[in-house]
2 protein chains.
Amino acid sequence: MAASIIDVARRAEVSTATVSRALRGLPNVSEATRERVLRAAEELQYAVSPHASSLASGRTGTVGVILPFVNRWFYSQVVAGIDSVLRAHDLDLLLYNLGDERVHERFFSRMPLRRRVDALIVLNLPLSAAECEALVSMEVPVAVLGTRIPGCWHVSIDNAEGASTAVRHLINLGHRRIGMITGALGDPRGFTTPIVRQHAYRTVLSEADIPYDPDLEAPGNFGIDEGASAMAKLLSLPDPPTAVFAESDQMAFGALRTLNRMGLRAPDDVSVVGFDNHETAELLGLTTVAQPVAHQGELLARQILDALSGACEEPTQVVVPTRLVVRSTTGAASAARPRHQHLSPRPGPEPDQNSRTTAR
Amino acid sequence: MAASIIDVARRAEVSTATVSRALRGLPNVSEATRERVLRAAEELQYAVSPHASSLASGRTGTVGVILPFVNRWFYSQVVAGIDSVLRAHDLDLLLYNLGDERVHERFFSRMPLRRRVDALIVLNLPLSAAECEALVSMEVPVAVLGTRIPGCWHVSIDNAEGASTAVRHLINLGHRRIGMITGALGDPRGFTTPIVRQHAYRTVLSEADIPYDPDLEAPGNFGIDEGASAMAKLLSLPDPPTAVFAESDQMAFGALRTLNRMGLRAPDDVSVVGFDNHETAELLGLTTVAQPVAHQGELLARQILDALSGACEEPTQVVVPTRLVVRSTTGAASAARPRHQHLSPRPGPEPDQNSRTTAR
DNA sequence: TTGTAGGCGTTATCAA
DNA sequence: TTGATAACGCCTACAA
């Protein structure tokens, strides 16, 4: 059995209260006593019981992070950023992956984080008003990425600006037939990022007097495979786009894959812009809107620290800049646009279905 | 203030003990009573205090996951796999990112997970014997990915087999000058995966009567940038390799980037094989050794469930298969090998340093 | 500076 | 089937 505070107290010949004080570095403990306690604790390999401590003090030393996907590049980067800051302040990180719809519902019906965390970080999660309400009612500081919840701390990029820049880039290259691969699921709840970006796309087009065509918007749900399907859909239009804005690099990757498989090339046949500046974007030469990802995680964690320490009374709202990184998947609109759907595939990289697989 | 068990007991006109039993679905509670308690709890929005519960029961309902990087593709996939299984059994996931050396040391000197988790999952972490000892001494089930710790549960791929297959593939294509980009940091501690793979590489070469050349082994530390540097180093050899085995896809990506920047191509100038089957490997046409990543996470979590439920007495050890996926970065060794280092760069994708960046 | 003792919210062991 | 009550291990007024 592990040693308890009582064992340490006995060994150091002081009271448990003194042990508690000494171990936590509180004032009003003589140096001699503190050292005696420290040594006793050391000798007994004593470690405080976090549960007992939490129960008594009301603090948990834990921050909950809820997000829709752990395994997507963007989120794993953000989590790493959060972790680095939290860890430096001895706060633990409780991870909740709410991607699955049933898990999501269960989370909000049972609120398993209630009394379990000192603060909450919410990453890009589509939340109903009632769900926002539920989070706020936990009465701990909440920092939100990407969405706005009244009374909460807030970090985000300027999505309208980022998306506008991407679309303007394509227009400046002479494109008039510009598609968008959106992340929207048609979800009625408040994950506003895709909505804002889509709105920016439409606005910029209309400012350039380019007529709106709903067919040019294809949903990709932020996944590679879905991005690939979306691109296939766009290419199958009677009048396919000459340029496509995908609102995440992963969807852009999918789009590029579709192009590859059809024997088409970016930017020769279709220009492609992504969003994020994913770690492999450079390798693929993908033009994209870069945003500082891990940094946003750090900012969220810092906000939580501020809230917890009381350094800052009112929740703040920080907007970090994006920048357009032009690489080689975007180029000038060519005068003679090929009719993609009638092209016979060029010899390109071998489609994966046909890749030889050696079972082992 | 949140309602406590006492409030519920009063409202349902029973004792706290009965409330506890009713809420946890234990037997020996009459249906009528149980319903009364459930209703009272519902009305009061009662939720158990996890800390109080843990303190009293000794169970924490939490599993700790310690790993070297959350933000690398491989680990985020594994975590997603773990999470899905744990979540389905109402176990929480406490994440510890020990990538930083100081964080690592601090973790093992303070053991913050002691009494904080019911079980531990360790992902590919370089651990000293003393550190393994420390983990085992926590007296909770430990499941380990990639490394072997006596007394612990264990999931891994057959690394020797996977690496051998990759190298043999290159030899079968006629390559004799084969480099390896290794993940090893020269770390003396027990993260055996890179060691095993390196050993397999050497063994296969020697079986093919290819002389061993230490210059052909370049460390890449599993990162893209480091993989790129490693490839640059290999290409700068007096007698550079015609094929390279990178023991992770991310390092292979870096290698491909270096090739691109030097105006070289895979497989024309150098063949490249990776390891993992990263989500963008297909897009890049990367030949690689595929392993089921998220699945390994699920297996680890299942082992923990078995251990916790007592379904299985003895720790098990499961090895999952890998398979070679041949794509387009590997090809036959050409008779006339170009001297890479003397080539003038071909027009390839624009290097990123020079990419136009629009600040905003 | 140090000690005493009550309280944090459950669970688990008895006894009824 | 139910209830009383002693843990669980620590924190924190308050008192000394």
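Each chain gets a letter, A, B and so on, in the order its sequence line appears, and its residues count up from 1.
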Can you measure [X] atom [atom1] to [N] atom [atom2] for me and round it to whole angstrom units?
X	N	atom1	atom2	result
A:Asn28	C:dT1	CG	P	5 Å
A:Leu55	D:dA7	CG	C1'	13 Å
A:Arg21	D:dG9	CZ	P	21 Å
A:Arg24	D:dG9	CZ	P	18 Å
A:Leu44	D:dG9	CG	P	14 Å
A:Asp7	D:dC10	CG	P	9 Å
B:Ile5	C:dC8	CD1	P	14 Å
A:Ile6	D:dC11	CD1	C1'	13 Å

- What do the steps show when you test B:Asp100 against B:Arg106 for salt bridge (Lys or Arg N to Asp or Glu O under 4.0 Å), and what is the final call? CA-CA 10 Å; B:Asp100 185 272; B:Arg106 196 172 155 77; over 6 Å; no

- Item | Closest-nucleotide 5' rank along DNA chain D - winner of B:Ala56 and B:Glu13 | B:Glu13

- Item | Closest to side chain of B:Val29, choosing from C:dT2, C:dG7, D:dT2 | D:dT2

- Most 5' of A:Ser30 and B:Ser4 on DNA chain C, judged by nearest nucleotide: A:Ser30

Between [X] and [N], does any side-chain N or O lie under 4.0 Å from OP1 or OP2?
X	N	value
A:Arg59	D:dT12	yes
A:Thr16	D:dC10	no
B:Ser20	C:dT11	yes
B:Ser53	C:dT11	yes
A:Ser49	D:dC10	no
A:Arg115	C:dT10	yes

Once you apply a heavy-atom cut-off of 4.0 Å, does [X] come out as touching a base, just sugar-phosphate, or nothing?
X	answer
A:Ala12	nothing
A:Val19	nothing
A:Thr33	sugar-phosphate

- Message: To check you understand the geometry: which heavy-atom pair defines the closest contact between A:Ala119 and A:Leu308, and what is its length?
- Response: CB-CD1, 4.3 Å

- Query: Do you know the tightest heavy-atom contact between A:Tyr46 and A:Ala3?
  - Reply: CD1-O, 3.3 Å

- Query: Side chains of B:Arg72 and B:Phe222: does their closest heavy-atom pair fall under 4.5 Å?
  - Reply: yes

- Salt bridge between B:Glu105 and B:Arg102, side-chain N to carboxylate O under 4.0 Å? no

